[in-house]
Amino acid sequence: MTYRDAGGHTINGQFTVTGDNLASGTVTDPLGGRADLVVGAGTSAVRGDADWWARRSPKQVRAITGQWVRPEPGVAFPFDIAAVLNPTALAKRVESLATAARRNDETTEDDDKVRTVVSGDWTALFDTGGDRKLRWLGGPLDPNLVTQPAAYHDNDDNRSAGVTPAHRTGPDTSGRSTVVAPARYDPIAIPPYVAITPEPTGSDAATGTQAAVAKVLPEASPAVPSGAVSAPSAPGPAAQRNVKPGYATFDLVSTAQDCNTPMCTWTVTVTNTGTAAGSGVLYASVTPGMPLVTFPVNLPVGGTFTTPPMTFPNPAPIIRGKNTQITITYTTWLFNPSFGHDPALPNRLATRGVNPNTLVQIDPGYMPSVLKLLDQMTSHVGAGDTTTGPNAVTAMDTAIRAGMLPELKTIAESGRLENPEDLTTKLKNVVQDTLPGSPDPVADKIGFRREVEQAAEILRQDPRARVVLDGAIRNPVTGELDGADVLDTVNKSAFQLKSVSSERLIHAIKIAINQLNGLRGVDVSSGIRQQAPPGTAR
């Protein structure tokens, strides 16, 4: 099964679902991330890798990676797989669809006879042979029947912020097909969509699923068949909400103030406000006035450290008979291992208006990559620019909450995105085209999520590739700028991406081809000809 949620996050699942409402299998994300999943009556457990959890609960990554936990609603999957996909529920869904079908078309596909059955926005494909095998079933889900979002969850106590809508009914375990009902929707505001390829299995598969559920969730499983794995003696999985990430975070408070005396004095107090002991190096300076000084810091949870008084001569010039004043800048930052290997990075970001402490909280294992990417995104910021840095932080937060932390890490660590300064515009719009019920997106600001994902995938797959994201290169013949949504300058490839809705597929493909062939002309606002540069594959 493939599920696409309202935030643009695509999830693939491969499950065995039994008639007694048990399920076991895997959940994968197309661009990285995998988890094992078991589902029992009214409960589930999941065991995910780091990328999988980074998309869903980025501040808990190291605390829960590789172990079974009971996830918050909607984290593992946005609906009850066992209830929606058990054989009885599927059969009733197909029967309901066939009864309401407005069109039956017998077609030929791969030399097999296939019948297409359409009802509303749902479609099913059947073999026309004697067994009438269901090959495929797909359609949009009513968002009101889905726990949303199926990705990032966050609040101050690590509990899920994605709650079931007040008007949603409880899980349907009776096999009724109303759980997956056709939805009315705006073609721009894309609803959750599910595509299912069912394959009947035998009793061995059912026995395996029963054993898998019993091993992890013994209280949710019916009696285990003879010869199957028995329930473990170890405690069951912990609830995700109860797993507290353990890492240090530091708050800094300084006594820096205007100085009206010949000698100026100040101190800095550091407090560990995190959930684990931590260490780092405190840096302090005054410009002009005091050179950089450092202090080692090693604090338990809740611990504090205050520097000795730091003094420096008042740098204001002395002119007899006059009061003089100048502006001085007090600078402090604490470098800890979660910031990576560059002690100057926090100060460099601070001069551009980027405060790492204002970022959405994430696991320290991903923080160096996020800060490195912010450094790349803001490296062009000039003196006096007070908006680019904060805008970059806002864009980064948007992408993290959209479940794109693995892509951000790939781009940062590769260092091979040639125009990182353009990421701010992209990242702040990665959910523009996907939120049901929101206003129509601004023209030319949809599909940015796919562009970023495509760029990250190229960089991940080929360690030599260098990418220009929605940019251009100079045509050596015409002197004009030729551009595409994604350019791989090493492998000389140009990619054009389109957001597609319903029957607009062919239309979108034609537009993309025209752009790659230069038939759309020069974009007036950018001066870029929408055209694959000479010698590039399209």
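For the numbers below, each heavy atom of this structure counts, side chains included, while hydrogens, waters and symmetry mates do not.
Two residues are said to be in side-chain contact when any heavy atoms from C-beta on lie closer than 4.5 Å; L134 and V94 meet this criterion. Within the 4.5 Å cutoff, the side chain of E418 has no heavy atoms near those of the V467 side chain.
No cation-pi contact links K133 to F126, judged by a cut-off of 6.0 Å to the six-membered ring centre and 45° from its axis. Both cation-pi conditions hold for R93 and W122: the charged atom is under 6.0 angstrom from the six-membered ring centre and inside a 45 degree cone around its axis.
With respect to the salt-bridge test (charged N to carboxylate O, under 4.0 angstrom), the residues D363 and K59 do not qualify. Contact check on R55 versus E407 returns a salt bridge, with a Lys/Arg side-chain nitrogen under 4.0 Å from an Asp/Glu carboxylate oxygen. Ion pairing between E457 and R460 holds under the 4.0 Å rule for side-chain N and carboxylate O. Using a 4.0 Å cut-off between charged side-chain N and carboxylate O, R47 and D36 make a salt bridge. Salt bridge annotation for R56-D29: present, with a cationic side-chain nitrogen under 4.0 angstrom from a carboxylate oxygen.
Under the salt bridge (Lys or Arg N to Asp or Glu O under 4.0 Å) criterion, D462 pairs with R464, not counting sequence neighbours. Every residue two or more places apart in sequence or in another chain was checked for a side chain to side chain donor-acceptor pair (under 3.5 Å) with T275, and none qualifies. Residues satisfying the side chain to side chain donor-acceptor pair (under 3.5 Å) criterion with T536, sequence neighbours excluded, are absent altogether.
Side-chain N/O atoms of R70 and T43 include a donor and acceptor closer than 3.5 Å.
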